[in-house]
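Okay, so here's the structure we're looking at.
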Amino acid sequence: TSDAIRAMDYAVAHGARIASNSWGGGASSSALRTAMERAEAVGMLFAVAAGNEASNNDEVPSYPGNYDLSNIISVASTDSLGKLSSFSCYGNSTVHVAAPGSGIYSTVPNNGYETLSGTSMATPHVSGLAALVWMYRPQLSMHQVRDIIIGSVRTLPALDGKVITGGLINAKDALEAAWAFDPPKPPAHAPQAIDFEDTDPRIGAYGGVVTITAAANESDIEYYRVYMVSGAGFQLEAVGEPIPATGEPELTMELNASFVPPMYARALVAVSGRASGEMPARLRGLAPHVDIEDYGLPILGPKSVSWIGDPDTKKDFVNGSLLVERATDEASITTYNVYWHAESGARGPMLGSIAAVGFLEPVCSGTSCGLINMNRADDGAYVFERRPYGGLEDAEIRASGPGSVELTYFDTEDYYDKLTIGDEELHGNLTCCLPTMELSDGRTAIKWSSDDSIHGAGWSFRLRQEGSTVELQIETSEVLGSGFEVVPAYEKNELMSGMIVVEISGGAGKSQSEAYRGGKRRLATSEPSWGRRIGGANIPASNDKVHPTSVHAKQQKEPWLLQSGLETRSSARVIWSAEQVQQLSPFAARHGRVRSSFMVTGLAEEACTKPAIRAAFVQALAKQLPGVEESDVRLVRALGASIEEARHATPQDQVGWVRVEFEIEPSEGAHIIDLDRIESQLILLSIGRRPAEKFGSALSLVLKASGLPHHLMASPLDVVFTAPQQLSPRMLAAAPLLASAAEHSGDRRLHGAASPLFV
């Protein structure tokens, strides 16, 4: 649904007038309906498939076709005899028209053609007819085109009571009807100008007064109206109500309730209108426009500022660094501006600025946040723990990267109780090989959810963040004040109450006094204000040289990361590892691979070192997965007990456990759908006891046939699969780079792993 909404908003912003919707079904969505109402307001027509369940939409609604909106045409399907197709949904009060949808010769992906059936094939006939009518009479409104299509159907007895019109669309009759329609007639005169300045300090919200300079000639104008338009120049939503033309040279509209513009909105346009029609709201038309600029103020400021430095050997010059601890949430900050600060309190010249990076300290939302233990370790890492957990829990922890998440314990119900870190889903028992996942730049979400059935022992992890402190180097700079001011800014607007002043003499910064609080936004710097808009010149970038000071900004790693080094932990031992594949196959480069693993209890580690036994693993997997050949299966590595576990093992533990990680990549010529099919089969193996037992029995037979000595294998074997994952081409391409980095850095968390992306 969210993808459909984004697609609609994008189409509206770029001037599309017709949407052909060969999709649908499921429950109603208020967000989807709102998006379609936005499209209705700007004149977009929706042709929508009625559905292929052969049911009555009057009784069992199918959305979006069942929304009661004046820009929808819901379409049923007919066969070559003009009868309702056997699969087609219908509705005497909810489905508008019918169109051919059985046995339609159509295009398919990869430059092919096929004969297909469905209301999805009927719908494009209607959207195509709408385009034909609009091309014939471009001045017609959306509602007129819809009325023409619905009113020109050819009625058929077989469709009576099945669709509202009882008929099949007819292109000839629609074009003849279009000729008879009188198109809208907007005024010829337009307003002369529009002006607006945002006064709402909330980022993303706009408020203030819109001022319209009336048309020089209002003889054909009854009212004026203001619309938002996209950067591409097309009409979006209306702002406020129509303003009557009164003969006054200037009219105003006060936006008491601030508005949040839709995505892609870039300007306001003022148009003129009357009962017979309204001028189109376009950037490159007759109507005047004004760009909208968000007057937003930061909500937070830096947590702390410290000065580390000594006076320069030259008189009245300094060398040193400003250490700025970023705000806990930089969503409302674009830069931290740095100025000289005089003893009198006056502001001196600007030194430079430090770019905000969207930093966010971990914050939890959801019904189960109160159940999760969170604390800060001595080394600065955030520690999260939920042990044990209950049913129907739901929480989301949001934070920013770069950084890492290191699992320190993990045992949940396989497949159903999940901890999702970015795009990675973790579930089941991972205590044998707890992964550490890197967080890329930007914000990420860690989501936790459990169902109401069986539960595991719980989980815990350590979250480390980099870049919470940034260093601004000041090299051989003339002293132009007693210290420095660091003030947060959103674009050109500074939050003076969030300013921190630090003295050159050293020590931590102090918050600015109450003298800077209160008042309204003003351009003058001598008066107290919450926010300040920086006029004129652009803010210098952090690496600009501003005479007489040279300024350089760099990320300062947190002290705890510099002191602790790489931590070691007990982990599974690599018994055998395949050579790293440097070159991706053509299929993997386009579509990726499926990766999974299985744990075999009752098999000695020694067995995995024998090529014949590894070949037996491949043979058993190919037999278990329909459509998979032995050449499609690649073993990645075999893992055994950790060094600590092996040290305490007894002679009776010789027959223990191994975990075998593998990848499956269909042969060249396969389709991406084959990856989905393989993943589905592996999911069944991971959640179904009987399929796993069947695989264990088959594996035992293959291992015995390979000549494996009896003392290396118990009977029966116990096999448990982990849930599979599809690895995208981007992830596969990154794996050799990560492995190489681990090899050179000695990172024990990745070293020796043939596939560092495996979880």
Side-chain angles (χ1 to χ4, degrees), residues 297-298 300-312 314-327 330 333-356 469-519 521-554 556:
L297 282 177
L300 301 170
K303 292 179 66 176
S304 67
V305 179
S306 300
W307 165 253
I308 301 175
D310 296 315
D312 192 85
K314 300 178 184 179
K315 185 180 179 181
D316 297 329
F317 280 78
V318 293
N319 264 323
S321 297
L322 274 177
L323 298 181
V324 179
E325 189 176 7
R326 297 181 182 277
E330 287 187 331
I333 301 172
T334 55
T335 57
Y336 300 92
N337 295 333
V338 181
Y339 301 88
W340 280 103
H341 179 77
E343 290 184 6
S344 63
R347 171 174 288 182
M350 188 179 198
L351 276 163
S353 63
I354 299 169
T469 301
V470 64
E471 178 184 358
L472 189 69
Q473 291 183 338
I474 300 176
E475 301 173 352
T476 314
S477 301
E478 182 183 357
V479 176
L480 299 176
S482 61
F484 307 103
E485 298 178 6
V486 180
V487 57
Y490 175 76
E491 301 298 346
K492 297 181 178 181
N493 310 315
E494 294 181 337
L495 181 68
M496 299 306 296
S497 61
M499 180 173 67
I500 291 180
V501 176
V502 62
E503 301 296 332
I504 292 179
S505 58
K510 56 186 179 181
S511 297
Q512 185 64 341
S513 68
E514 289 294 318
Y516 285 93
R517 297 183 180 274
R521 172 175 59 101
R522 293 185 177 89
L523 294 178
T525 61
S526 59
E527 298 187 49
S529 64
W530 274 98
R532 174 187 295 161
R533 188 186 296 263
I534 304 170
N538 294 327
I539 301 171
S542 60
N543 60 353
D544 286 348
K545 293 186 176 180
V546 184
H547 183 77
T549 304
S550 63
V551 180
H552 305 277
K554 68 177 183 179
Q556 174 75 12

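In this chain, numbering begins with 1 at the start of the sequence shown. Values below: every heavy atom of this structure, side chains too, minus hydrogens, waters and symmetry copies.
- No side-chain heavy atom of V324 sits less than 4.5 Å from a side-chain heavy atom of L472.
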**Message:** I'd like to know whether M496 forms a side-chain contact (heavy atoms from CB on, under 4.5 Å) with V487, so could you lay out the CA-CA distance, the side-chain angles of the two residues, the decisive distance to 0.1 Å, and finally the verdict.
**Reply:** CA-CA 6 Å; M496 299 306 296; V487 57; 4.2 Å; yes
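- Rounding to the nearest 0.5 Å places OG of S321 at 8.0 Å from CD of E475.
- Considering only heavy atoms from C-beta on, W307 comes within 4.5 Å of I474 through its side chain.
- Between the side chain of S497 and the backbone N or O of L495 there is no donor-acceptor pair closer than 3.5 Å.
- Checking E325 against T469 by side-chain atom types alone, no donor-acceptor pair falls below 3.5 Å.
- Note that OH of Y336 is 3.5 Å distant from CD of E330, once rounded to the nearest 0.5 Å.
- Considering only heavy atoms from C-beta on, I308 comes within 4.5 Å of L323 through its side chain.
- Residues E494 and A489 approach most closely at CG-CB, 3.9 Å, considering heavy atoms.
- In this structure the side chain of S482 reaches within 4.5 angstrom of the side chain of H341, judged on heavy atoms.
- Taking CD of E491 as the reference point, atom CG of L297 lies at 12.0 Å (rounded to 0.5 Å).
- Annotation: side chain to side chain donor-acceptor pair (under 3.5 Å) contacts of T334 (sequence neighbours excluded): none.
- F484 is listed as a side-chain neighbour of L322, based on a closest heavy-atom distance under 4.5 Å.
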**Message:** Could you go through I354 and T335, starting from their C-alpha distance and side-chain angles, then the distance that decides it, and tell me whether this counts as side-chain contact (heavy atoms from CB on, under 4.5 Å)?
**Reply:** CA-CA 5 Å; I354 299 169; T335 57; over 6 Å; no
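- W340 places a side-chain heavy atom less than 4.5 Å from the side chain of I504.
- Of the possible donor and acceptor atoms, none in the side chain of S477 sits under 3.5 Å from a partner among the backbone N and O of F317.
- A heavy-atom distance below 4.5 Å is found between the side chains of V470 and R326.
- Taking each heavy atom of P488 and I333 in turn, the nearest pair found is CB-CD1, 4.2 Å.
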